[in-house]
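Right, one structure below, let's go through it.
Every chain is numbered from 1 and lettered A, B, ... according to where its sequence line falls, protein lines coming before strand lines. Please read these numbers as outputs of a predicted model, since none were measured by experiment.
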Number of protein chains: 2
Amino acid sequence: MAKKTTIYDIAKALNITVSTVSRALNNISTISESTREAVLEMAKKMNYRPNKVASSLTSGKTYIIGVLVPSAQIQFFASVIHSLEKYLKSFGYSILLYQTNESLESEKNGISTLLEAQVDGIIASMSLETADVSHFEKVKEEGKPLIIFDRTHDDLQSPMVKINDEHAGYLVTKHLLDQGYKRIAYITTKHRIKIFKERYNGYQKALQEAGIAINADYSVFGELNVEGGYLGTHTLLKLKDRPDAIIGGDDYVALGIIKALHENNIVPPTIGVIGFANQNFSEHIIPSLSTIDQQAMQMGKECAKMFLKIIERNHAEELILEPVVLEPLLLPRASTKRS
Amino acid sequence: MAKKTTIYDIAKALNITVSTVSRALNNISTISESTREAVLEMAKKMNYRPNKVASSLTSGKTYIIGVLVPSAQIQFFASVIHSLEKYLKSFGYSILLYQTNESLESEKNGISTLLEAQVDGIIASMSLETADVSHFEKVKEEGKPLIIFDRTHDDLQSPMVKINDEHAGYLVTKHLLDQGYKRIAYITTKHRIKIFKERYNGYQKALQEAGIAINADYSVFGELNVEGGYLGTHTLLKLKDRPDAIIGGDDYVALGIIKALHENNIVPPTIGVIGFANQNFSEHIIPSLSTIDQQAMQMGKECAKMFLKIIERNHAEELILEPVVLEPLLLPRASTKRS
DNA sequence: ATGAAAGCGCTAACAA
DNA sequence: TTGTTAGCGCTTTCAT
């Protein structure tokens with residue numbers, strides 16, 4: 001590979017100076033149309049490709065934004081990433097990805113890595129392990145915008161985008177009650193992440209409103225996956241007073257619930273089953289699974305918009321924006337439909 | 001935010017020069033243990049954070065590698081991204097993500113964006129639209145490694161990682177034949193992407209081997225999603241000589257097939273159904289879906305390994321590595337099981 | 001083992 | 001409108 005062309009080469013070829021070339025390339029006001037065109041033409045002719053690293057060093061802006069998530073393999077996060085990248089790209093930003101794999105240690109490293117890469121900001125969702133959040137404070141110490149989405153934390157004051165999880169829990173429970181279910185169980189995670197707690201609160205609230213006493217046996221805390229739903233259901237089926245509906249902490253849990261019920265020759269909605277997250281399979285399994293849409297795409301877009309808004313008024317650090325709270329969407333389907 | 005500490009500040013504080021600090025920080029051989037420790041201590045004390053942008057400018061390495069995929073929302077790609085990031089991270093690399101959304105135009109922009117960001121290499125899978133591949137050549141012109149995975153292209157000579165798709169198609173068909181199915185249909189995409197063609201070739205090959213004539217009516221070309229499978233199945237069910245098994249171009253197509261069968265009160269394996277991709281729901285739906293595992297995680301890891309290998313011997317451009325071809329894995333499950 | 005000094009490619013005052 | 005000139009923070013010869 002021949003040595004790469006720089007603005008110096010263009011300047012030399014045109015007998016002008018680098019600053020003029022720079023101005024032409026960046027389309028800065030005070031430049032004559034003729035030289036601008038000449039520069040652009042020569043740039044193309046010489047196969048010039050701007051070096052963003054160099055420009056970042058001087059300007060202090062990389063146009064890269066760090067995205068820190070538990071895992072790109074979790075569909076919800078994949079959708080948020082998709083949406084973030086798609087939207088931010090149109091504003092000239094790229095996405096530097098870091099996965100924590102639900103580890104606090106890795107999360108700390110992630111913050112460091114992204115900061116060292118001089119990202120212009122970080123959009124993050126916490127790992128399940130995260131209790132202490134001081135590593136996130138470092139982002140703000142560097143004066144860079146930090147936006148937290150979905151998995152938030154009380155100790156961290158920061159702009160955030162989330163969904164109304166309590167309402168999600170409420171909606172789900174209310175829906176089951178409306179369908180005539182009375183003994184409603186809930187299989188969820190033992191983790192202390194706020195959103196799961198809030199959903200659970202919504203569940204309790206709906207039951208209380210309906211004047212139904214909360215049966216402790218109906219709350220099962222396990223893993224948030226197919227296995228968790230499966231095992232939890234077996235526990236529930238052993239009860240003298242079996243539930244007539246089960247809420248899964250997410251759609252995978254719900255899948256496990258359906259599987260376990262099936263083994264006992266029970267097909268929803270005989271026992272109603274509902275999940276959270278609207279995974280792309282949920283609509284298509286048989287019976288189709290009732291669930292809550294968490295608006296991952298919308299969430300990505302809102303994060304991006306928030307980031308851009310903060311970047312615009314460049315005294316980011318000071319102002320704490322109001323959290324954006326998206327409304328969960330109930331998707332009633334066959335698995336809860338009593339006709 | 002106070003001005004950030006640089007190696008200059010550390011040098012001044014310790015009354016040594018920046019070069020010494022740099023050496024200490026980078027753990028370069030010719031440094032006395034005592035000064036190394038002193039530097040490290042002072043660095044910590046002064047809250048020093050290295051600026052990778054600056055070091056990239058001099059060293060010419062960013063330790064960022066560009067990942068260009070159709071969409072992070074497609075689970076296969078999400079898994080590859082997950083795997084890539086996870087593995088490469090342990091070697092000090094970060095991932096800059098670019099999605100083409102199946103658009104050629106966007107793919108070209110992606111290559112430019114990544115190159116301008118001075119990535120150390122690009123790992124890519126082509127968009128469905130991609131016929132001409134000249135934009136990929138630019139990566140190599142800059143002397144940077146380009147690794148193509150899964151969706152490859154005949155015109156592009158480059159290190160690649162793929163799976164044996166013809167064999168995947170063969171395996172699927174052979175499995176159905178072994179289960180006693182005879183009239184095997186195939187619902188796939190009209191797109192000319194190589195992998196789909198190859199799978200189809202495998203299907204034909206297996207039928208030929210079994211001495212079964214290929215019935216043109218049994219090949220349906222539609223969209224590669226649930227809807228495609230659903231519509232395709234309705235077409236197939238109208239045939240006088242109905243198929244007794246249907247292969248779906250991927251697991252979503254298979255989901256659509258099952259859905260359509262269900263509406264006609266047919267439950268697999270009465271008509272056998274099998275897919276490709278082993279989506280994470282496939283194992284858990286009822287009946288569980290037979291499919292092919294495409295080893296997304298493995299593919300990510302192989303790409304990463306290949307990249308590292310090329311980077312090591314730094315005369316990358318010259319050598320074309322042998323393609324890594326992963327073997328597809330048949331996962332026979334209930335949807336095809338004739339007992 | 002350490003220091004001095006020249007850049008990497010670009011931006012952004014300040015001058016002209 | 002264009003040119004001059006410092007850097008940005010770090011790496012890396014070449015000296016010492």
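- A sub-4.0 Å separation between OP1 or OP2 of D:dC10 and a side-chain N or O of B:Ser22 is absent.
- For the OP1/OP2 pair of C:dG9 and a distance below 4.0 Å, the side-chain nitrogens and oxygens of A:Thr6 include no atom meeting the criterion.
- With hydrogens and angles ignored, the 3.5 Å screen pairs no side-chain donor or acceptor of A:His135 with any backbone N or O of A:Ile111.
- Side chain of A:Ser56 to main chain of A:Lys61: a donor-acceptor pair is present (N/O by atom type, distance under 3.5 Å, no hydrogens or angles).
- For B:Ile7, whose side chain is taken as the heavy atoms from C-beta onward, the closest listed nucleotide among D:dG9, D:dC10, C:dC10 is D:dC10.
- The NZ atom of B:Lys4 sits 10 Å away from the C1' atom of D:dG9 (whole-angstrom rounding).
- Side-chain atoms of A:Ser59 come within 3.5 Å of backbone N or O of A:Ser55 as a donor-acceptor pair.
- Classified by interplanar angle (parallel below 30°, tilted 30° to 60°, perpendicular above 60°), the ring pair B:Phe149/B:Phe76 is tilted.
- Both B:Ser59 and B:Thr35 lie close to DNA chain C; mapped to their nearest nucleotides by heavy-atom distance, the more 5′-ward contact belongs to B:Thr35.
- Separating the CG atom of B:Asn26 from the P atom of C:dT2 is a distance of 15 Å, rounded to the nearest angstrom.
- Across all strands, B:Ser32 comes closer than 4.0 Å only to sugar-phosphate atoms, never to a base (heavy-atom distances).
- Within 4.0 Å of B:Thr30, counting heavy atoms only, lies at least one base atom of the nucleic acid.
- Across all strands, B:Ser55 comes closer than 4.0 Å only to sugar-phosphate atoms, never to a base (heavy-atom distances).
- Of the residues near DNA chain D, B:Lys52 and A:Ile16, the one whose nearest nucleotide (by heavy atom distance) lies more toward the 5' end is A:Ile16.
- Judged by atom type and distance alone, B:Arg49 does not reach the base of D:dG9 through any side-chain donor-acceptor pair under 3.5 Å.
- In this structure, CD of B:Glu116 is placed 15 Å from P of C:dG9, rounded to the nearest angstrom.
- Rounded to whole Å, the distance from CD1 on A:Ile28 to P on D:dG3 is 15 Å.
- Checked against the 6.0 Å centroid criterion, the rings of B:Phe91 and B:Tyr63 do not qualify as a close aromatic pair.
- As judged by a 4.0 angstrom heavy-atom cut-off over every strand, A:Ile31 is placed among residues touching the sugar-phosphate backbone only.
- Residue contacts for B:Ser56: at a heavy-atom cut-off of 4.0 Å it reaches no nucleic acid atom on any strand shown.
- Between A:Ser19 and the phosphate of D:dT4, there is no side-chain N or O to OP1/OP2 separation shorter than 4.0 Å.
- Between B:Thr20 and C:dG3 there is a side-chain polar atom (N or O) within less than 4.0 angstrom of OP1 or OP2.
- Dashed line: the shortest gap from a side-chain N or O of B:Asn51 to OP1 or OP2 of D:dC8 is not under 4.0 Å.
- Straight-line distance from the CG atom of A:Asp9 to the C1' atom of C:dC10: 13 Å, rounded to whole Å.
- For the pair B:Glu129 (side chain) and B:Leu104 (backbone), a donor-acceptor distance under 3.5 Å is present.
- At D:dG7, none of the side-chain N or O atoms of B:Tyr8 fall inside 4.0 Å of OP1 or OP2 (strictly under the cut-off).
- Using a 4.0 Å cut-off, no side-chain N or O of A:Thr58 falls inside it from OP1 or OP2 of C:dC10.
- Separating the CG atom of A:Leu25 from the C1' atom of D:dT2 is a distance of 16 Å, rounded to the nearest angstrom.
- At whole-Å resolution of the value, CD in B:Gln118 and P in C:dC8 are 14 Å apart.
- Between A:Lys12 atom NZ and D:dG3 atom P there is a gap of 14 Å when expressed in whole angstrom units.
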